[in-house]
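Beneath this line is the structure, given in structure tokens, with notes to follow.
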2 protein chains.
Amino acid sequence: MKKANRATKPELPRRSPCAVANTLDRIGDKWSLLLVRDMLAGKTTYGQFLESPEGIPTNILADRLKRLEQFGIIARSAYQERPVRYAYALTESGRQLGRVLRALADWGLENIAGTKKELVPGSFVR
Amino acid sequence: MKKANRATKPELPRRSPCAVANTLDRIGDKWSLLLVRDMLAGKTTYGQFLESPEGIPTNILADRLKRLEQFGIIARSAYQERPVRYAYALTESGRQLGRVLRALADWGLENIAGTKKELVPGSFVR
DNA sequence: CTAGTTACTTGCGTTTTGCAAGTGTCTCGT
DNA sequence: ACGAGACACTTGCAAAACGCAAGTAACTAG
């Protein structure tokens, strides 16, 4: 797994100047947007993310949190000392991904049988 | 690479009933939505997809076209016999992904410096 | 008969993913 | 003071996905 010190912006190799391509290079994988979904639903800690029904592996979770932080989509802060515990929260930039989430959810609801809108009621309803 | 006969619906293992998760399992990778973008911009052939600036590898392209067809997002049809040449086009379901593309493009434009809205003018403007 | 075009497939080395287990820090109960 | 437990990760390793280059198949045009 990639070794990168927390909170330093990585210069991603740019495939093209396309806004869609560049966005996908940041959040275009199977897990990143699920974490954003969870945060929009109010989750904030490592442990809470692990509880989601999709079952993200712990190493992937740690990696994605680091990436999202580096991209300025989320921010990490200690919510208590002794012992130190961290909370993750969406930045303004991250909150704006709500529109993407909503579009994805709407598409799934219309086009995939048996899918449900929310796991946590009231999270990203219109 | 996965061996699957064309146009048969694959039963994807369902990570959860969440609409977002299920949508991501279909199109949540670095290439699928770029193909949808290209089709919204009017591209239809294998050769045209290869011309896009991101430079998709040929085996990935063939695989993604097959997947998207299996999910009912695009449809393949021969646009000429002798020699047989194929055209790919979005289905109604695929066209509805335009909303996702627009959300992703808007986010990129606002949050990633140096990104541009379109490669082909008039493709998926509001 | 040779070259060119289109649409792929195949091989293979590299990277990413996923599962399980382990580590470090600190609290609490006895 | 000691052991169990919670939290937030890290490490090792096998399996899957990706990416590059080259090869194949079905024609057409010269």
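The sequence lines fix the lettering, A, B, ..., with proteins before strands; numbering per chain opens at 1.
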Collect all protein-nucleotide pairs involving nucleotides 27-29 of chain C in which both atoms are nitrogen or oxygen and the distance is under 3.5 Å.
{"from": "C:dT27", "atom 1": "OP1", "to": "A:R82", "atom 2": "O", "distance (Å)": "3.2"}

- Query: How close or far is atom C1' of C:dT10 from atom CG of B:D63, stated in whole angstroms?
  - Reply: 14 Å
- N or O in side chain of A:K30 less than 4.0 angstrom from C:dG18 OP1/OP2: yes
- Task: Applying side-chain hydrogen bond (donor to acceptor under 3.5 Å, both in side chains), name anything that partners B:R76, two or more places apart in sequence or on another chain.
- Result: none
- Tell me: CG of A:L24 to P of D:dC18, nearest whole Å? 13 Å
- Task: Test the B:R37-B:W31 pair against the cation-pi criterion, namely NZ or CZ under 6.0 angstrom from the six-membered ring centroid and within 45° of the ring axis.
- Result: no
- Partners meeting side-chain hydrogen bond (donor to acceptor under 3.5 Å, both in side chains) with B:R26 (sequence neighbours left out): none
- With A:R95 via side-chain hydrogen bond (donor to acceptor under 3.5 Å, both in side chains) - residues at least two apart: A:E92
- Query: What is the distance, rounded to the nearest whole Å, between atom CD of A:E54 and atom P of C:dC19?
  - Reply: 13 Å
- Item | Spacing of A:R64 atom CZ relative to D:dC9 atom C1', expressed in whole Å | 16 Å
- Message: Without decimals, in angstroms, what is the distance between A:I60 CD1 and D:dA17 P?
- Response: 13 Å
- Message: What is the separation between atom CG on B:D29 and atom P on C:dT17, rounded to the nearest whole Å?
- Response: 12 Å
- Item | Protein-to-nucleotide contact annotation, 5' to 3' order, nucleotides 2-8 of chain C [B base; S sugar-phosphate only; - none; under 4.0 Å, heavy atom] | ---BBSB
- Item | A:I74 side, atom CD1; A:L90 side, atom CG - distance, nearest 0.5 Å | 7.5 Å
- Query: From B:Q48 CD over to B:D38 CG, what is the distance, rounded to the nearest 0.5 angstrom?
  - Reply: 9.0 Å
- All salt bridge (Lys or Arg N to Asp or Glu O under 4.0 Å) counterparts of A:R14, not counting sequence neighbours: none
- Among the clusters formed by ILVMFWY side chains lying less than 4.5 Å apart, do A:L24 and A:I60 turn up in the same one? yes
- Item | Length of the CG-C1' vector between B:L34 and D:dG19, whole Å | 16 Å
- Task: Could you check A:L68 against A:S32 for side chain to side chain contact (heavy atoms under 4.5 Å, CB included), going step by step and ending with a plain yes or no?
- Result: CA-CA 8 Å; A:L68 291 174; A:S32 297; 4.3 Å; yes
- Mind calculating the distance between CG (B:L61) and P (C:dT10) to the nearest angstrom? 16 Å
- Report yes if at least one side-chain N or O of A:W31 is closer than 4.0 Å to OP1 or OP2 of C:dG18; otherwise report no. yes
